[in-house]
Amino acid sequence: MHETLAAVVDDGAAPGGVIAFGTADQEQPRILTAGIISPEIGETAPDETTVYDLASLTKVVATWPLVGRAVAEGRMELDAPVRAFLPPISGETPSGEATVRQLLTHTSGLRAATRLDQYRGATAPLHELLCREPLEGVPGEHRYINRGYVLLGLAISHVHGRPLDELAAGMWRTMGLRATRFGPVGRGPGVAPTERRIPGAPRVWGAVHDDNAALLGGVAGHAGVFGTAADLAAFARWLLRSLQQDGPMGGWLRTSLEPHVRMEPGLERGLSWIVAAGGQVACHHGWTGTSLYLAPTSGRYLAVCTNAVHNGAARTRIRPLRDLALKILSTT
């Protein structure tokens with residue numbers, strides 16, 4: 001695994017990266033590193049405490065467990081329309097009829113392209129604007145849709161009467177996550193910069209990379225969380241240990257790893273998670289170059305933190321690393 005991480009870095013796919021892996025019964029993960037955090041920071045190498053923009057890992061690190069807790073507490077229902085868990089809206093709400101389950105599984109039929117900047121100047125609240133939109137696809141078909149998780153984040157906040165970032169912070173404390181938080185986190189030598197959007201301009205650094213999350217102040221159900229490889233490892237251990245218990249989170253994870261819809265050959269979508277290798281592995285990825293893998297049967301996990309978007313085309317250029325991670329977790 002270290003050779004592939006080093007090769008990806010040497011190929012220019014990312015300035016550097018960190019891999020944390022282990023088992024549910026180990027208190028500390030094993031750590032592999034390569035490269036540097038960013039040329040802007042000099043030759044500083046990343047480690048398990050380097051803070052990365054987790055991007056869409058927000059969906060499984062923040063939104064998914066909070067939905068699970070809300071379901072267990074009777075605050076939300078999987079097969080009820082999301083509008084039922086948002087402030088009242090009068091009139092027709094085509095997108096608001098999508099169920100919580102459909103939003104979690106990316107089968108809602110909502111518009112796939114999310115441009116919250118198009119709502120600037122609107123007087124209606126965001127949940128109403130999103131719910132009133134017409135559907136773009138056929139409910140039941142898989143299509144990755146960020147706006148569904150924006151709605152889920154708004155719903156979680158509404159049913160609890162508290163901000164999403166506050167709810168998540170309290171949950172992470174109970175899991176033992178010390179560095180995970182919604183941004184911004186501020187610039188510093190321990191924070192990995194992401195993309196330079198305009199030639200000659202400073203890189204995005206300590207602020208969320210996702211434009212829509214940025215428009216929401218850095219706090220959203222689909223993106224906005226920053227964290228470390230050490231914390232992703234702690235989160236994975238917490239989840240895998242929950243499977244060994246009779247508590248609500250263990251049941252939520254088991255339910256979530258049941259395949260709901262086919263994505264492509266060999267990959268199916270559960271509730272938020274991608275289910276691979278015939279159900280042996282659950283995983284999720286982040287646009288910036290992050291990934292998390294769980295192997296529930298063997299109790300193993302693997303977390304990847306890179307800022308590959310720093311060098312562009314993150315998804316394609318770090319694919320060898322992600323493919324190998326899936327292969328390792330599928331065969332051990």
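Position 1 is the first residue of the sequence, and the numbers go up from there.
- Side-chain N/O atoms of T288 and D53 include no donor and acceptor closer than 3.5 Å.
- Nearest heavy atoms, A282 versus L257: CB-CD2, 3.4 Å.
- In this model, a donor atom of one side chain and an acceptor atom of the other lie less than 3.5 Å apart for H310 and S38.
- L110 has its side chain out of reach of P94: every pair of non-hydrogen atoms, C-beta onward, lies at least 4.5 Å apart.
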* **Worked verdict on Q280 versus T297 for side-chain contact (heavy atoms from CB on, under 4.5 Å)** => CA-CA 7 Å; Q280 295 183 70; T297 302; 5.7 Å; no
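- A heavy-atom distance below 4.5 Å is not found between the side chains of R322 and C283.
- In terms of heavy atoms, Y144 sits closest to K59 at OH-NZ, 2.9 Å.
- In the hydrophobic cluster analysis, where Ile, Leu, Val, Met, Phe, Trp and Tyr join through side-chain heavy atoms closer than 4.5 angstrom, I41 is grouped apart from V204.
- Between R269 and E141 no salt bridge is recorded (no basic side-chain N to carboxylate O distance below 4.0 Å).
- Using a 4.5 Å heavy-atom cutoff, the side chains of V150 and L216 are in contact.
- Dense packing is recorded around CD of Q118, with more than 12 heavy atoms of other residues, nucleotides or ligands lying under 6.0 Å away.
- Here the side chains of L302 and M1 are in contact, with some heavy-atom distance below 4.5 Å.
- Within 6.0 Å of the CD atom in E92, the count of heavy atoms belonging to other residues, nucleotides or ligands does not exceed 12.
- When each of E40, H209, E195 is paired with R203, the side-chain hydrogen bond (donor to acceptor under 3.5 Å, both in side chains) condition holds for E40 and for no other.
- No donor-acceptor pair closer than 3.5 Å links the side chain of S157 to the backbone N or O of L154.
- Of the possible polar contacts, one joining the T63 side chain to the G221 backbone as a donor-acceptor pair under 3.5 Å is found.
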* **Intermediate values then yes/no, side-chain contact (heavy atoms from CB on, under 4.5 Å), S256 and L104** => CA-CA 9 Å; S256 299; L104 287 171; over 6 Å; no
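- Between the side chain of E166 and the backbone N or O of P163 there is no donor-acceptor pair closer than 3.5 Å.
- In terms of hydrophobic clustering, with Ile, Leu, Val, Met, Phe, Trp and Tyr side chains grouped at heavy-atom distances under 4.5 Å, V261 and L135 are assigned to different clusters.
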* Step-by-step side-chain contact (heavy atoms from CB on, under 4.5 Å) determination, L232 to L57 -> CA-CA 10 Å; L232 285 179; L57 286 190; 4.0 Å; yes
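- Annotation: side chain of L294 is in contact with side chain of W273 (closest heavy-atom distance under 4.5 Å).
- Summarising the geometry of A20 relative to I31, their closest heavy-atom pair is CB-CD1, 3.6 Å, with the distance given to 0.1 Å.
- Checked options L321, T290, L324; the residue passing with V304 is L321 (criterion: side-chain contact (heavy atoms from CB on, under 4.5 Å)).
- Partner of F85 under the side-chain contact (heavy atoms from CB on, under 4.5 Å) criterion, out of H158, H127, E77, R75: E77 alone.
- At distances below 3.5 Å, not a single donor-acceptor pair connects side-chain atoms of S272 with backbone N or O atoms of V60.
- Connection of L126 to L167 is established within a shared hydrophobic cluster, with ILVMFWY side chains joined at heavy-atom distances below 4.5 Å, either directly or through further cluster members.
- Less than 6.0 angstrom separates the ring centroid of Y149 from the ring centroid of H106.
- Residue E43 qualifies as open at atom CD: its count of foreign heavy atoms under 6.0 Å is 12 or below.
- Judged by distance alone, the side chain of W252 and the main-chain N or O of W64 form a donor-acceptor pair under 3.5 Å.
- Pairing each heavy atom of S291 with each of H285, the nearest pair is OG-ND1, 2.7 Å.
- A donor-acceptor pair shorter than 3.5 Å can be found between the side chains of H222 and D210.
- There is a path of hydrophobic side-chain contacts, each under 4.5 Å, that joins L271 to V71.
- More than 12 non-hydrogen atoms from other residues, nucleotides or ligands lie less than 6.0 angstrom from CZ of R254.
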* Would you check, one step at a time, whether the test side-chain contact (heavy atoms from CB on, under 4.5 Å) holds for L86 with E128? => CA-CA 9 Å; L86 293 163; E128 186 169 330; over 6 Å; no
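- Between the R147 side chain and the A113 main chain, a donor and an acceptor come within less than 3.5 Å of each other.
- Inter-residue side-chain proximity for L292 and F235 is flagged as met; some heavy-atom pair is nearer than 4.5 Å.
- Enclosure of atom CZ in R178 is not indicated, since only 12 or fewer non-hydrogen atoms of other residues, nucleotides or ligands lie within 6.0 angstrom.
- Panel note: side chain Q26, backbone T23; a donor-acceptor pair is recorded below 3.5 Å.
- You'll find the side chain of R69 stays beyond 4.5 Å of the side chain of P248, heavy atoms only.
- When atom types are taken as modelled, the side chain of N307 and the backbone of I37 share a donor-acceptor pair closer than 3.5 angstrom.
- The minimum heavy-atom distance linking L164 with V219 is given by the pair CB-CG1, 4.0 Å.
- Between A62 and M171 the shortest heavy-atom distance is O-CE, 3.9 Å.
- When atom types are taken as modelled, the side chain of R317 and the backbone of D11 share a donor-acceptor pair closer than 3.5 angstrom.
- Panel note: side chain W172, backbone V61; a donor-acceptor pair is recorded below 3.5 Å.
- In this structure, D246 places its CG atom where only 12 or fewer heavy-atom neighbours from other residues, nucleotides or ligands lie under 6.0 Å away.
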